[in-house]
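Chain naming here is simple, since letters A, B, ... match the order of the sequence lines and numbering starts at 1 in each.
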Amino acid sequence: MIELGIFLTLFCLGFFVGSYAEKQHYKSIVEREQKFMHLVTTSSKRPVGDIGAVRKTHLVRGNAVISVDYFKRIIAGLRAIVGGNVSSYETLLDRSRREAILRLKESCPSASQIINLRIETSSVFKGAKDQTGSVEILAYGTAIYAEK
Amino acid sequence: MIITNTEEVTGKKIVKCLGVVSGSTVRAKHVGRDIMAGLKNIVGGELRGYTELLTEARDEAMERMQSQATQLGANAVVNVRFSTSSVAAGASEIYIYGTAVVIE
């Protein structure tokens with residue numbers, strides 16, 4: 001009975017706090033993405049367009065470790081029985097990727113372009129108890145500063 | 001030292017190639033961070049402690065790679081790649097490798 005109580009508390013806490021936090025996070029992501037819209041970011045190996053002489057280049061990176069809440073973990077567990085699209089994990093990965101790219105951009109706000117953007121996903125600290133469902137996203141690229 | 005993950009340094013010419021350099025580090029989390037992460041696992045969201053931990057680990061691996069490149073007499077490292085793997089429960093390995101070159 002007590003166990004069921006704990007489970008339900010965590011379940012509800014995960015649902016309410018988790019979905020509120022996610023909403024807030026998405027709001028801040030959208031805001032910041034708009035702010036950095038002008039910074040051209042590509043996965044191509046050469047700068048896009050003619051940017052003239054290059055003054056400086058350096059490696060930039062951004063990372064984020066984001067965990068899924070208790071509610072979503074249970075839902076994903078249920079989903080694993082019947083198979084199919086685990087949408088609760090999709091938003092998790094989407095959030096972390098966008099956050100990682102934003103951090104990369106925030107580390108070089110005065111760059112002209114960011115080229116060769118690569119995104120890597122790994123599950124960190126796998127194997128430790130209760131630690132499943134937290135992923136790390138690393139975004140890295142080369143920031144280019146034009147002469148002008 | 002110039003570090004890029006492109007095959008060349010944009011706007012500069014590579015004069016000499018000195019071979020692959022790499023740096024690695026294995027990091028374990030400490031208990032305090034672990035407890036916080038355990039709580040965060042209930043409500044979801046970012047595990048800030050882990051983010052910082054991995055950033056520090058990458059800085060360290062990067063430094064090791066740079067000092068290796070300096071020893072070879074390089075002034076740039078191109079085509080840098082990151083790789084992360086969990087070697088044991090509670091520990092993560094960060095490996096960074098690239099090609100040391102001399103640019104004009």
Where does [X] contact chain B at under 4.5 Å (heavy atoms): side chain, backbone, both or neither?
X: A:V54; result: side chain
X: A:S122; result: side chain
X: A:I144; result: side chain

Please say whether more than 12 non-hydrogen atoms of neighbouring residues, nucleotides or ligands are located less than 6.0 Å from [atom1] in [X].
X: B:R81; atom1: CZ; result: yes
X: B:E63; atom1: CD; result: no
X: A:E3; atom1: CD; result: no
X: A:Y20; atom1: OH; result: no

For residues B:T4 and A:L59, report the shortest heavy-atom separation together with the two atoms involved. C-CD1, 3.9 Å
Of all the heavy-atom pairs spanning A:I66 and B:E46, show the shortest one and how long it is. CG1-CA, 4.0 Å
Test of understanding: clusters of I, L, V, M, F, W, Y form through side-chain heavy atoms closer than 4.5 Å, transitively. Do [X] and [Y] belong to the same one?
X: A:Y140; Y: B:I3; answer: yes
X: B:L72; Y: B:I103; answer: no
X: A:M37; Y: A:L102; answer: no
X: A:V60; Y: A:V40; answer: no
X: B:V78; Y: B:L18; answer: no

Okay, B:N79 and chain A: the region with an atom under 4.5 Å from a heavy atom over there is neither
Which bit of B:M62 is near chain A, if near means a heavy-atom gap under 4.5 Å: side chain, backbone, both or neither? side chain
In Å, rounded to the nearest 0.5 Å, how long is the span from CG of A:N116 to OG1 of B:T10? 9.0 Å
Got a second to check how far B:T55's OG1 is from A:L138's CG, nearest 0.5 Å? 9.0 Å
A:T142 (side chain) donor-acceptor with B:N5 (main chain) under 3.5 angstrom: yes
Answer whether the closest heavy-atom distance between the side chains of B:D59 and A:R61 falls below 4.5 Å. yes
Quick one: of A:R95, A:K56, A:R46, who has the most non-hydrogen atom pairs under 4.5 Å with chain B? A:R46
Check step by step if side-chain contact (heavy atoms from CB on, under 4.5 Å) holds for B:T51 and A:R103. CA-CA 12 Å; B:T51 307; A:R103 284 192 186 156; 3.6 Å; yes
Salt bridge (Lys or Arg N to Asp or Glu O under 4.0 Å) between A:E120 and B:R58, worked out: CA-CA 14 Å; A:E120 196 193 288; B:R58 288 218 174 81; 5.3 Å; no
